[in-house]
2 protein chains.
Amino acid sequence: MLIGELARQTGCEVETIRYYEREGLLSAPQRSASGYRRYNAEQLGELNFILHCRSLGMSLADIRQLAAFKADSSLACDDINQLIDQQISKVHQQVESLRLLEQQLLALRDRCHDHHTVAECGILQTLVEASEGEPCVCHTPFGQDPHPHHPSVEKQ
Amino acid sequence: MLIGELARQTGCEVETIRYYEREGLLSAPQRSASGYRRYNAEQLGELNFILHCRSLGMSLADIRQLAAFKADSSLACDDINQLIDQQISKVHQQVESLRLLEQQLLALRDRCHDHHTVAECGILQTLVEASEGEPCVCHTPFGQDPHPHHPSVEKQ
DNA sequence: GCAAACCCTGTAGTCGCTACAAGGTCAAGT
DNA sequence: ACTTGACCTTGTAGCGACTACAGGGTTTGC
Ligand SMILES: [Zn+2]
Ligand SMILES: [Zn+2]
Ligand SMILES: [Zn+2]
Ligand SMILES: [Zn+2]
């Protein structure tokens, strides 16, 4: 199986497969006389493992870890559980901060209903006023502390 | 006001301020004889505007757009509303997919309770089985379609 | 014998910063 | 006058997880 066929079977782009190999996630495949990569069922499994973990939002570093555990099955699995727990709490935090963000955006959106000129747009007014130090609907929707702004979302 | 003072007043890192200037988001400030950037209240407002928008998850491209609107206030504000609407729907989608992700991770986590060896770890077993084409708890928790996996989270 | 479809390597771009390195400037203390 | 340290400057490279070429080689079918 050539790389294009593997890509078709997994739905993964050819360039991404080569990238995973470069990153040491996928073991280097055999090569044909002309240098083409030849894959077998084992590497199909390897790639599907990676894609499955990626679809669970895991980083490539996490996946490398998991693959190492897979290789040495006599180890204790506490580290696996911890890895998943960390992933869960990371995702949970992201959900929470994005939900807050959505509320803030909805409050901001509520400042402009009809279409008129920019000069009268409540959204832009709110944003400008906030930049001048006044409290804003988006960040103080329910009478919370006015400012500071920054750490609403930690990573995007 | 020098760049360090501006950084202190806004909570923004010095390097980030220079980056915003390079990206054309912040207007180039006056310079002292020795080349030091000197800021005034106007640029403090500009930077706070950017930081406020960033804290709402907007991209620098979006902020550039908003700044352009701010400059020409005779335009119709429909584009502003549309920009915010897009931001809302983007964030909403992220929330939804991350919530699904959290459920999937919790289902996976549920496969391993006690600490034992990797060979017996239900989490790793599930991941390996899924990579061999079998349905997995994480992606089919309530009897949904088994596979395909990929587009669970679109951007991270 | 030639075109299309595939494959290869290597490099650079994406986004929003962050972290240097290598140097210049300025105010205070000795 | 000299030194220390805090500040400032530019430029470049790195992060993560790809994506998009450029510039070539190979294979297949007609
Ligand atoms: Zn409006
Ligand atoms: Zn606000
Ligand atoms: Zn376990
Ligand atoms: Zn799954």
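In what follows, every chain begins at residue 1, and chains take the letters A, B, ... in the order their sequences are listed. Being a predicted model, the structure only gives us computed values, none of them experimental.
Picking from D:dC7, C:dT18, D:dA17 the nucleotide with the shortest atom distance to the side chain of A:Arg54 gives D:dA17. Out of D:dA17, D:dT9, C:dC26, the shortest distance to the side chain of B:Arg31 is found at D:dT9. Between D:dA17, C:dC8, D:dT10, one nucleotide has an atom nearer to the side chain of B:Arg37 than all others, and that is D:dT10. In the set D:dT26, C:dT9, C:dA19, C:dA19 carries the atom at the smallest distance from any side-chain atom of B:Glu15. Looking at the side chain of A:Ile3, the nearest of the listed nucleotides C:dC8, D:dT10, D:dA17 is C:dC8.
One interatomic measurement links the two molecules: CG of B:Leu6 to P of D:dT9, which rounds to 11 Å at whole-angstrom precision. What separates CG of B:Leu25 from P of C:dC17 is a distance of 9 Å, to the nearest Å. The interatomic distance linking A:Glu5 (CD) with C:dC6 (P) rounds to 11 Å, in whole Å. Rounded to whole angstrom, the span from the CZ atom of B:Arg8 across to the P atom of D:dC7 amounts to 6 Å. The distance between atom CD1 of A:Ile17 and atom P of D:dA17, rounded to the nearest whole Å, is 18 Å. Between the C1' atom of C:dC15 and the CZ atom of B:Arg64 lies a distance of 11 Å, rounded to the nearest Å. As a whole-Å value, the separation of B:Asp62 CG from C:dC15 C1' is 13 Å. Distance CD (A:Glu23) to C1' (D:dC15): 12 Å, rounded to an integer number of Å.
With hydrogens and angles ignored, a donor-acceptor pair under 3.5 angstrom links the side chain of B:Tyr36 to the base of C:dG24.
Positionally, the nearest nucleotide of DNA chain D for A:Tyr19 lies more toward the 5' end than for the other of A:Tyr19 and A:Ser32.
We find that B:Glu21 and B:Arg18 are not joined by a salt bridge, their nearest charged nitrogen and carboxylate oxygen being 4.0 Å or further apart.
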Inset, instruction - With side-chain contact (heavy atoms from CB on, under 4.5 Å) as the test, would you mind laying out the steps for A:Arg38 and A:Leu2 before giving the verdict? - result: CA-CA 5 Å; A:Arg38 310 222 78 124; A:Leu2 297 182; 3.7 Å; yes
Inset, instruction - Applying side-chain contact (heavy atoms from CB on, under 4.5 Å), run through B:Gln104 and B:Cys136 and close with a yes or a no. - result: CA-CA 10 Å; B:Gln104 291 169 344; B:Cys136 49; over 6 Å; no
Legend entry - Derivation and outcome, side-chain contact (heavy atoms from CB on, under 4.5 Å), residues B:Arg111 and B:Val137: CA-CA 9 Å; B:Arg111 304 257 92 191; B:Val137 277; 3.6 Å; yes
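OP1 or OP2 of D:dT19 sits under 4.0 Å from a side-chain N or O of A:Thr16. For D:dC18, the OP1/OP2 oxygens have a side-chain nitrogen or oxygen of A:Tyr20 closer than 4.0 Å. At least one side-chain nitrogen or oxygen of B:Ser34 sits closer than 4.0 Å to the OP1 or OP2 atom of C:dC26. Note on A:Arg18: a side-chain N or O is less than 4.0 Å away from OP1 or OP2 of C:dC8.
Residue A:Arg54 forms a side chain to side chain contact (heavy atoms under 4.5 Å, CB included) with just one option from A:Thr16, A:Leu60, A:Asp62, and that option is A:Leu60.
Counting any heavy atom pair closer than 4.0 Å across all strands shown, A:Ser59 reaches sugar-phosphate atoms only and no base atom.
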